[in-house]
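Everything on this sheet refers to the single structure shown next.
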Amino acid sequence: MLLIHCPWCGPRAEIEFSYAGPAQLRRDGALEDLLYLRDNPKGRHEERWRHAHGCGQFFATARDTVSDFFLPPPVAKP
Amino acid sequence: MSQALRTAEGGRIDRANPLGFSFDGRSYRGFAGDTLASALLANGVHLLARSFKYHRPRGLLTAGSDEPNALVELARDAARCTPNLRATQIELYEGLRARSQNRTPSLAFDLGAVNDRLAPLLPAGFYYKTFMWPKAAWKRLYEPSIRAMAGLGRAPTRPDPDRYAQRYAHCDVLVVGSGPAGLAAALAAAESGARVILCDEQAAFGGTLLAEDEARIEGGSAEAFRAASLATLAAAPRVRLLARTTAFGYFPHNMVGLAERITDHLAAPDPRLPRERLWQVRAREVVLATGAHERPLVFPENDRPGIMLAEAARVYLTRYGVRPGTRAVLATAHDGAYRTALALHRAGVEIAAIADLRGTAGGAWPAAARDAGLPVRLSTTILGTTGRRRVARVDLARLDADGRCGVVEPVPCDLLLMSGGFTPSVHLFSQSRGRLRFDDTLQAYLPDTPAERTHVAGACRGLVALADVLADGYAAGAAAAQAAGCNRAPSARPFPVTARESPAGGMLGALPGNRPGARAFVDFQNDVTAKDLALATREGFRSIEHIKRYTTTGMATDQGKSSNMNALGIVADALGSPIPAIGLTTFRMPYTPTSFGIFAGAARGDLFEPLRMTPMHAQAAALGAVFEDVGQWKRARYFPRAGEDMAAAVARECRAVRSACGLFDASTLGKIEIVGPDAATFLERLYVNAWHRLPSGRCRYGLLLREDGFIFDDGVIGRLATDRFHVTTTTGGIGRVLAMMEDYRQTEWPELDVWLTATTEQWAVLALQGPRAKDILAPLVEAVDLAAMTHMSLAEGRIAGVPLRLFRVSFTGEMGFEVNVPASAGAAVWEALMAAGAACGLTPYGTEAMHVLRAEKGYLVIGQDTDGTVSPDDAGLGRMVARGKPDFIGKRALEAMAARPAGGRQHLVGLLSETPAQVLEEGAQIVAETDGARLGHVTSAYYSPTLGRAIALAMVRDGRARLGERLRVALPEAPAREGHAVRVVAPVFYDPEGARLDG
Ligand SMILES: [Zn+2]
């Protein structure tokens, strides 16, 4: 179980969170890209989580998809 | 039977506390402190099991959790019956009853042993080869007989009556293993001020120190050191000691799963105690001090009872006061066996031979063995053994300089001990995805780069000398504490040790001189031989991962603790490649088998998941309602009266709603209060509808899409004030709708001043539906002008003395009200309405009638009539989409859809079967009558009591262009064109003008 750092509450267990998709989707490109095409990077992946069973806040972070460790620094805009 | 092989004194057993137990129905005696294995050995019982595949007689190989052979079943009673427990880990208690497994009818005479004679027909991968032909025989013949033979142990037939607890824990340093390295690590970490958890799978802490009868540590005995260390740790306030606790899995971000066995060792457990406890430990730093396992030697017939590991024999003697035999031969490639030989010799066991594969043996222990006059034979191998249910003879042969075997020399014995050296127990390190490297000097895989915040200490990383192991553990504990942020450096402790050591070394692979036709076992638990591995390489397998699966080596419940390295050695030999080139199989959790109960914890039966009941549940139950599960909710499905079946009850409930009035519990509907100056703007951007100009006191049916333009959820939204909306969602959709709204509020439109509050549980909702609804309601409400309330309006006031939000809405097509009252008042208001409506024939109805009534009106149910690929236009709701709104979720996708060529999409339509009584099957395929082309499927189908015939809703390709067309609804196992004939109609079967809504 991952240990996820909520920017509001601090480190909490993964079961308190729900994954909320990739961060920084661009809404100005082709609709198909926005709706269906997702990068599947090996390495740094910027993604959103919601502290659903905690403060309820959405936040963005980056995770290394190889090691599953979260990467600093946190990205700014969700 | 007496404990004939028990020594006169010594061992860690409590001789003042004798215990009676039974194995396969025979009674024996042992002592407190025994394991089942040591107690049986003391009674001279070596035959404990039959092997998995060949049903060969087997005894103890080890004295620990790596035991592959001695799996037994413990039965406290019919329900408390656990198969496949390792006898080496079962602590003896008074009255313990154990049974052997995998034998019919008895261990000594087992019909399954015929497999052993058939061994030539059961080579590696036999199940891939032998049962392929003829194909038909698989189902009738092969599979049933394989299933009857397969499996190990019997599953209990009753539900598990025990309780299992689960706990989370946090610590600075988790130390796994309490041998010398682990103890030292815990001491250092504790002294650094760290919060420490020290766990060990055994009942006693100390690991190898528990059998260390010679070494002196810090000037005292090993036992004195162990006791003093434990006393220090037990007195430290921030240290938790967990015995009988296996670290079974190493999960991401330093979460380690521990299985603590709490009552299994007790004769009469306190029923208030859980049987086991799962610890999910999140550690800042982990110290793995998991030690090493001794390796067997691979030689022909190396699996008979009475053949065990040399160190295991020494443990049985030293810890348990048991002589495992009377006349022993030791076969070794490691000095450790000499130490065992000396100990046995001192205890009165005759040492017939020490056969050392090596050409020289110059260490301290071999020297001592020679001094004691023990018969040491260098450059000597084993060609085979004999003995039916226990080893009786060993065939030794000298190896010449070229590795050729000399004359066979039979040596009678009743105990054959082997040592191929030690394999570091890197399982947890590898589970954590730490990288291993092969050490050529040690001929072992050692931890290299950790993936987690892991420190490895002692024998687990290849250290041998006790002084080194202690110092290493202490350093690892100090480093871990420091890395965890504890800045107090522990005092320097040099750990002076006096001990004779056995240097690292040994062998991997099969011994030279393997006779043709003889079986030398590598994996004892899965009955894999050296020959099977060689065969796999001859058949072209190269990767150890493939060889593992083909031969099943290392795939048993012991995960190859004793076999993996020998298997690698044999494969490397056969392929002529170095061991690192063969690869290494993945270590997976659990380290040792772990009960299902510990994972289930309290989540069983009624506690499996939360149960949600509405405020009027008791009223419905009192009326005899039959409930159905809707998500976690219990909803009243129908209210049968005496003699009624479901159809009769539903028909009566539907007629009541259409002719008089019905009362329906709609409390499960999702509810969100949306408040703030920008509340209307917020809704405007979310829903397809327009909201700014909705006046206060009015409601609107809201349709919510996803960004891809498909219907996501729906529900009536009422405006209470300029800045306040009462939003309803589907029962199942509330969670995802609220999450979606929060997502947009927080991340896309943070500038909007709006607040969302989940209010589902705050309101009880009583739907009063039918032409008499207003009459029933009128005497009960205060401060509400019922007469002024038109369809889709709302008002606040009071009912039966409690606050009321009254919605004039309908999900039945009749005039209807939804009475929203505080949840705490729901039951009272239900009673009040029922009393007030009795004279009018007010009838409670359930979800089944609700579905029939709404289907008669063509009202769709999200998730039943839609499936996530239905647009508003597909559902016939295109007119709901507000034109000219600058944006809403899904607008862009709708425009893209509109830009595509028309036609080809499925539309929601009604179906009437030509046999009026024929209720279609929901989900059934709809095909064209002419060519059988698939056109869609039935989404809802009911018998309509109002219409006296069956009705259905369906998604049909270009359905709105097919009104009046005849289609077929396919039946299972019948050609499409022989399905039910149906006629496509508009999806509103009753009161298409909506006249009844106005009462
Ligand atoms: Zn939070």
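Hydrogens, waters and symmetry mates are skipped; everything else that's a heavy atom, side chains included, is used. From a predicted model like this one, the values you see are computed outputs, not experimental measurements. Letters go in sequence order (proteins before strands), and every chain restarts at 1.
- A 4.5 Å side-chain heavy-atom check between B:Asp708 and A:Tyr36 finds at least one atom pair inside the cut-off.
- In this structure, chain A has a heavy atom under 4.5 Å from the backbone of B:Ala451, while its side chain stays farther away.
- Taking the side chain as every heavy atom from C-beta outward, B:Glu707 and A:Leu35 approach each other to under 4.5 Å.
- Of the atoms belonging to A:Phe69, heavy atoms from both backbone and side chain fall under 4.5 Å from chain B.
- Side-chain atoms of B:Gln746 come within 3.5 Å of backbone N or O of A:Gly56 as a donor-acceptor pair.
- Rounding to the nearest 0.5 Å gives a distance of 11.5 Å between CD of A:Gln24 and OG1 of B:Thr747.
- Interface check for chain A: of the options B:Gln280, B:Met255, B:Arg282, the most heavy-atom pairs under 4.5 Å are formed by B:Arg282.
- With a 6.0 Å radius and a threshold of 12 heavy atoms from other residues, nucleotides or ligands, B:Arg437 has its CZ atom above the threshold.
- The aromatic rings of B:His253 and A:Phe70 sit perpendicular to each other, their planes meeting at more than 60°, with 30° as the lower class boundary.
- Other residues, nucleotides and ligands contribute more than 12 heavy atoms inside 6.0 Å of the CH2 atom of B:Trp749.
- Annotation for B:Arg195: atom CZ counts as buried by contact number, over 12 foreign heavy atoms lying within 6.0 Å.
- Rounding to the nearest 0.5 angstrom, the gap separating the CD atom in A:Glu14 from the CZ atom in B:Phe251 is 12.0 Å.
- Contacts of A:Ala20 with chain B are absent, with no heavy-atom separation under 4.5 Å from either backbone or side chain.
- With B:Arg892 contributing its side chain and A:Arg27 its backbone, the two residues share a donor-acceptor pair below 3.5 Å.
- Within the 4.5 angstrom heavy-atom criterion, atoms from both the backbone and the side chain of A:Leu31 approach chain B.
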